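Here's the structure we're looking at; comments come further down.
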Amino acid sequence: QVQLVESGGGLVQAGGSLRLSCAASGRTVGRYAMGWFRQAPGKKREFVSTISWSGGSTYYADSVKGRFIISRDNAKNTVYLQMNRLKPEDTAVYYCAADPSTAQGLRVNDPDYWGQGTQVTVSS
């Protein structure tokens, strides 16, 4: 079993930055693809970004491309999401996910593990 715990969410003004972290425990996720998804009020959960186990492949939703950066530190069993130039439409609960598949596969398939989510609120 893998437990994922997100942190780093909060309230920020439009144009600001936040860095989310997701720490995995229970077993190593060094060979797992990991990623971030988000769910805004009244909307379905959507893909934000995924990263391969090596960090060599990354994918981004068009809405965040050029503003968000995903990275991981396998020694710390942690994945990060640096969010820059935030917009009010980025407001959502952000969820971390992990799966023993590819980063591309994690984009479209239900992952084996989810975190509990962290709230990000961007004020205009």
Side-chain angles (χ1 to χ4, degrees):
Q1 288 293 321
V2 173
Q3 292 80 43
L4 303 174
V5 178
E6 302 96 335
S7 61
L11 174 63
V12 65
Q13 287 189 332
S17 298
L18 282 175
R19 189 194 195 202
L20 304 183
S21 299
C22 172
S25 62
R27 64 183 298 175
T28 181
V29 292
R31 290 286 181 172
Y32 281 49
M34 297 188 74
W36 293 92
F37 296 75
R38 67 187 181 186
Q39 187 168 18
K43 295 188 177 181
K44 292 183 178 180
R45 185 152 50 186
E46 65 176 6
F47 157 76
V48 175
S49 180
T50 56
I51 186 168
S52 63
W53 69 267
S54 67
S57 296
T58 57
Y59 297 89
Y60 296 93
D62 287 344
S63 59
V64 307
K65 202 171 293 182
R67 299 188 297 122
F68 291 9
I69 301 171
I70 191 170
S71 62
R72 65 188 296 164
D73 184 339
N74 286 340
K76 296 182 178 179
N77 258 7
T78 301
V79 65
Y80 305 96
L81 186 69
Q82 177 67 43
M83 305 186 295
N84 301 318
R85 290 184 282 133
L86 283 160
K87 304 175 181 180
E89 50 264 44
D90 294 318
T91 295
V93 177
Y94 283 71
Y95 296 91
C96 177
D99 194 80
S101 67
T102 64
Q104 189 169 11
L106 181 55
R107 290 176 58 189
V108 295
N109 298 319
D110 286 337
D112 281 359
Y113 303 103
W114 287 105
Q116 83 289 350
T118 185
Q119 177 70 47
V120 171
T121 302
V122 185
S123 63
S124 58

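The chain is numbered in sequence order, starting from 1. On a predicted model such as this, the values are computed, not experimentally measured, just so you know.
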Worksheet, complete the sentence: The side-chain hydrogen bond (donor to acceptor under 3.5 Å, both in side chains) partners of Ser7 (sequence neighbours excluded) come to none
Fill in: Glu89: partners by side-chain hydrogen bond (donor to acceptor under 3.5 Å, both in side chains), with sequence neighbours left out
none
Discussion item. Give me each pair satisfying ring-ring contact (aromatic ring centres under 6.0 Å, His included) with a member in residues 71-98, each pair once, sequence neighbours excluded.
Written reply: none
Identify each donor-acceptor pair in which a side-chain atom of residues 66-74 lies under 3.5 Å from a protein atom, sequence neighbours left out, and give them as a table.
{"from": "Arg67", "atom 1": "NH1", "to": "Arg85", "atom 2": "O", "distance (Å)": "2.9"}
{"from": "Arg67", "atom 1": "NH1", "to": "Asp90", "atom 2": "OD2", "distance (Å)": "2.8"}
{"from": "Arg67", "atom 1": "NH2", "to": "Ser63", "atom 2": "O", "distance (Å)": "2.8"}
{"from": "Arg67", "atom 1": "NH2", "to": "Asp90", "atom 2": "OD1", "distance (Å)": "3.0"}
{"from": "Arg67", "atom 1": "NH2", "to": "Asp90", "atom 2": "OD2", "distance (Å)": "3.4"}
{"from": "Arg72", "atom 1": "NE", "to": "Asn74", "atom 2": "OD1", "distance (Å)": "2.7"}
{"from": "Arg72", "atom 1": "NH1", "to": "Tyr32", "atom 2": "O", "distance (Å)": "2.7"}
{"from": "Arg72", "atom 1": "NH1", "to": "Ser52", "atom 2": "O", "distance (Å)": "2.9"}
{"from": "Arg72", "atom 1": "NH2", "to": "Val29", "atom 2": "O", "distance (Å)": "2.8"}
{"from": "Arg72", "atom 1": "NH2", "to": "Tyr32", "atom 2": "O", "distance (Å)": "3.0"}
{"from": "Arg72", "atom 1": "NH2", "to": "Asn74", "atom 2": "OD1", "distance (Å)": "3.2"}
{"from": "Asp73", "atom 1": "OD1", "to": "Ala75", "atom 2": "N", "distance (Å)": "3.1"}
{"from": "Asp73", "atom 1": "OD1", "to": "Lys76", "atom 2": "N", "distance (Å)": "3.4"}
{"from": "Asn74", "atom 1": "ND2", "to": "Trp53", "atom 2": "O", "distance (Å)": "2.9"}

Worksheet item: If you measure from OG on Ser101 to CZ on Arg31, what distance do you get to the nearest 0.5 Å?
Response: 14.0 Å
Worksheet item: Residues in side chain to side chain contact (heavy atoms under 4.5 Å, CB included) with Thr121, at least two apart?
Response: Leu11, Thr91, Gln119
Result block: side-chain N/O donor-acceptor pairs under 3.5 angstrom for residues 102-114, not counting sequence neighbours:
{"from": "Thr102", "atom 1": "OG1", "to": "Gly105", "atom 2": "N", "distance (Å)": "2.8"}
{"from": "Asn109", "atom 1": "ND2", "to": "Gly105", "atom 2": "O", "distance (Å)": "3.3"}

Item to complete: Could you tell me the separation between the CD1 atom of Ile51 and the OH atom of Tyr59, rounded to the nearest 0.5 Å?
Response: 11.5 Å
Worksheet item: Under the disulfide (SG to SG under 2.5 Å) rule, what pairs show up with a residue in residues 30-80, not counting sequence neighbours?
Response: none
Worksheet item: Can Val93 be reached from Trp36 by stepping across I, L, V, M, F, W or Y side chains whose heavy atoms are under 4.5 Å apart?
Response: no
Worksheet item: Any disulfide (SG to SG under 2.5 Å) pairs touching residues 10-96, not counting sequence neighbours?
Response: Cys22-Cys96
Fill in: Pairing residues for Lys44 by the side chain to side chain contact (heavy atoms under 4.5 Å, CB included) criterion, not counting sequence neighbours
none
Discussion item. I'd like to check the side chain to side chain contact (heavy atoms under 4.5 Å, CB included) partners of Ala40; sequence neighbours left out, ordered by chain and number.
Written reply: Lys43, Ala92
Discussion item. Return the CD to OG distance between Gln13 and Ser124, rounded to the nearest 0.5 Å.
Written reply: 9.5 Å
Fill in: Single hit among Val79, Leu20, Thr118 for side chain to side chain contact (heavy atoms under 4.5 Å, CB included) with Glu6
Thr118
Item to complete: Please name all residues satisfying side chain to side chain contact (heavy atoms under 4.5 Å, CB included) with Gln3, sequence neighbours left out, ordered by chain then number.
Response: Gln1, Ser25
Discussion item. Nearest 0.5 angstrom please: Glu46 CD to Gln39 CD, how far?
Written reply: 9.5 Å
Discussion item. Assigning hydrophobic clusters by single linkage (Ile, Leu, Val, Met, Phe, Trp, Tyr; side-chain heavy-atom cutoff under 4.5 Å), is Phe47 placed with Leu81?
Written reply: no
Item to complete: Just do the side-chain contact (heavy atoms from CB on, under 4.5 Å) check on Arg38 and Val64 with the steps written out, would you?
Response: CA-CA 12 Å; Arg38 67 187 181 186; Val64 307; 3.9 Å; yes
Worksheet item: Which residue pairs pass the disulfide (SG to SG under 2.5 Å) test with at least one member in residues 51-84, sequence neighbours excluded?
Response: none
Fill in: Side chain proximity check, Leu4 to Met34, heavy atoms < 4.5 angstrom
yes
